[in-house]
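Input: a single structure, listed below in structure tokens.
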Number of protein chains: 2
Amino acid sequence: MSAETTRPAGDLSPSARRILHAAARLFALQGYSATSTRDIAAAVGVRQPALYKHFPSKDAILSALVDAAVGPALAAARDLESRPGRAAAHLYRWLGDYLARLEDSPYLLVSILVTPELGQDRFAAERRALDRLEQVTTDLVARGQAEGDLRPLDPRSGARMVLALFDALALPETAVAAREIADFALHGLLADPARLDDLRREAAAPLPPG
Amino acid sequence: MSAETTRPAGDLSPSARRILHAAARLFALQGYSATSTRDIAAAVGVRQPALYKHFPSKDAILSALVDAAVGPALAAARDLESRPGRAAAHLYRWLGDYLARLEDSPYLLVSILVTPELGQDRFAAERRALDRLEQVTTDLVARGQAEGDLRPLDPRSGARMVLALFDALALPETAVAAREIADFALHGLLADPARLDDLRREAAAPLPPG
DNA sequence: GTCTATATCGGGATAGAC
DNA sequence: GTCTATCCCGATATAGAC
């Protein structure tokens, strides 16, 4: 349940998945606190107490969503760290893959990333997961700068702005395409945008073994 | 109270301003619904019912915050429309001014822009205000493309991504600087970043009369 | 314009039958 | 594993004294 476990979504029962799907959609549309467990249950087609056979609390639902959103992204980023290649290309590949995954995901996880309720003390574990996401992004930006591909700016600021762009993915009906976001992010960071085609090629190539 | 009025913040009593300040901070930290009117009152140093002498409801507080956040930005953008000059330079100037204003503002309005509760029906008027903000941004992007300064991408997507960056302004302690955001946005949009210095000069010059 | 006291409602969670 | 019924609490808002 905690963000430490980064349990893959595959471990969840079909019922639990349906609950997460419905909850994520409602959280995105109207916010976490404004969504009642009755709302979630109605969207799933069951009565409110039925949820508690799958999750011990409403908070646990949000926690599971954070895990499902952040876990795969962290795993992918760490995998990339061990591979050869330019950090800027890794960043581009990582953004494209992760954003496309979110786009396809039924969970609409993006808006979870900006759920302000996570600022409360009881979600400290989830906040740590988000902090790790920011940290791996910061590392990629810093490496890209050291390698000369990315323009000089505070790498933490760069990471924050890249992650802030995720919110543009938003809801399906109005979404900005994943590739548009990845392109915008790289344009925002690159020292010389002429190198983007080059990076795109490297990022599209099969991943060399670490 | 409605977003239509775009009433300047100057119309508010000092007490009302203190309430808005405290409320904005708490909404940003833990979310709108998760913040109780008791929380707000405690932050202001009064008891909960005292708030109702200044605002008729909790929703009205959020509504006033949206007005204060969006009103000046729309006014500034419309003013720019009537002036000569390149749209890309206008966009840069507008972003810099508006973001700096938010940075200085005691209201921490940024996170208001992503408050998911605004998705609920009863905030339709506030959503329209945010839609207008997106529309003026879209228009600026489209004009910048027509003038050849901005690279081709869906102007609506471009506007969404620019506005999504606002969230990086976040809270004071961890904020990304306003200028960093404006620079990142322009880099993300520009056809040729070499033109940025030029645009910066035009944006820094005194505004020519319309 | 702030207070105390309180009405009223809705939400999270549990008990226990099926 | 879902249901009905219910507990309990916290939240918004109002009443009325000062």
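Here is the naming used below: chain letters follow the sequence lines, and residue numbers restart at 1 for every chain.
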Which of C:dA13, C:dT14, D:dT2 is nearest the side chain of A:Ser57? It is C:dA13
CG of A:Leu62 versus P of C:dG12: gap in Å, rounded?
13 Å
Please examine the side chains of B:Leu165 and A:Phe184, heavy atoms only from C-beta on, and report whether any two atoms are closer than 4.5 Å.
yes
Quick one: on DNA chain D, does B:Asp59 or A:Leu51 contact a more 5' nucleotide (nearest heavy atom)?
A:Leu51
Round to a whole Å and report the spacing from CZ of B:Phe55 to C1' of C:dG1.
14 Å
Rounded to the nearest Å, what distance is computed from the CD atom of residue A:Glu117 to the P atom of nucleotide C:dG12?
12 Å
Using the side-chain heavy atoms of B:Pro49, tell me which of these nucleotides is nearest: D:dG1, C:dC3, D:dC3.
C:dC3
Give a yes or no on whether a salt bridge exists between A:Arg156 and A:Glu134, defined as a side-chain N under 4.0 angstrom from a carboxylate O.
yes
A:Arg38 (side chain) and C:dG12 (base): donor-acceptor pair under 3.5 Å
yes
Within this structure, what is the OH-to-P distance between A:Tyr52 and C:dG11, rounded to whole angstrom?
12 Å
Mind checking B:Ser33 for me? I need base, sugar-phosphate or nothing, with any heavy atom below 4.0 Å counting as a touch.
nothing
Calculate the interatomic distance between B:Gln48 atom CD and D:dA11 atom P; express it in whole Å.
10 Å
Is there a side-chain polar atom (N or O) of A:Lys58 under 4.0 Å from OP1 or OP2 of C:dG12?
yes
With a 4.0 Å cut-off on N to O distance, would you call A:Arg93 and A:Asp97 a salt bridge?
no
Roughly, in whole Å, what's the span from CD in B:Gln120 to C1' in C:dG10?
14 Å
How many Å lie between CZ on A:Arg47 and P on C:dG12, as a whole number?
16 Å
Want to settle it: does A:Ala34 or A:Lys53 sit nearer the 5' end of DNA chain C, counting the closest nucleotide to each?
A:Ala34
Would you indicate, yes or no, if C:dG11 has its OP1 or OP2 atom less than 4.0 angstrom from a side-chain nitrogen or oxygen of A:Thr37?
no
Between atom CZ of B:Arg143 and atom NE2 of B:His90, what is the distance when rounded to the nearest 0.5 Å?
6.5 Å
Comparing nearest nucleotides in DNA chain C, the 5'-proximal residue of the pair B:Gly45, A:Ser36 is B:Gly45
Nearest-Å distance, CD1 (B:Ile19) to C1' (C:dG1)?
11 Å
Give a yes or no answer on whether the side chain of A:Glu103 reaches the backbone of A:Ala178 with a donor-acceptor pair at less than 3.5 Å.
yes
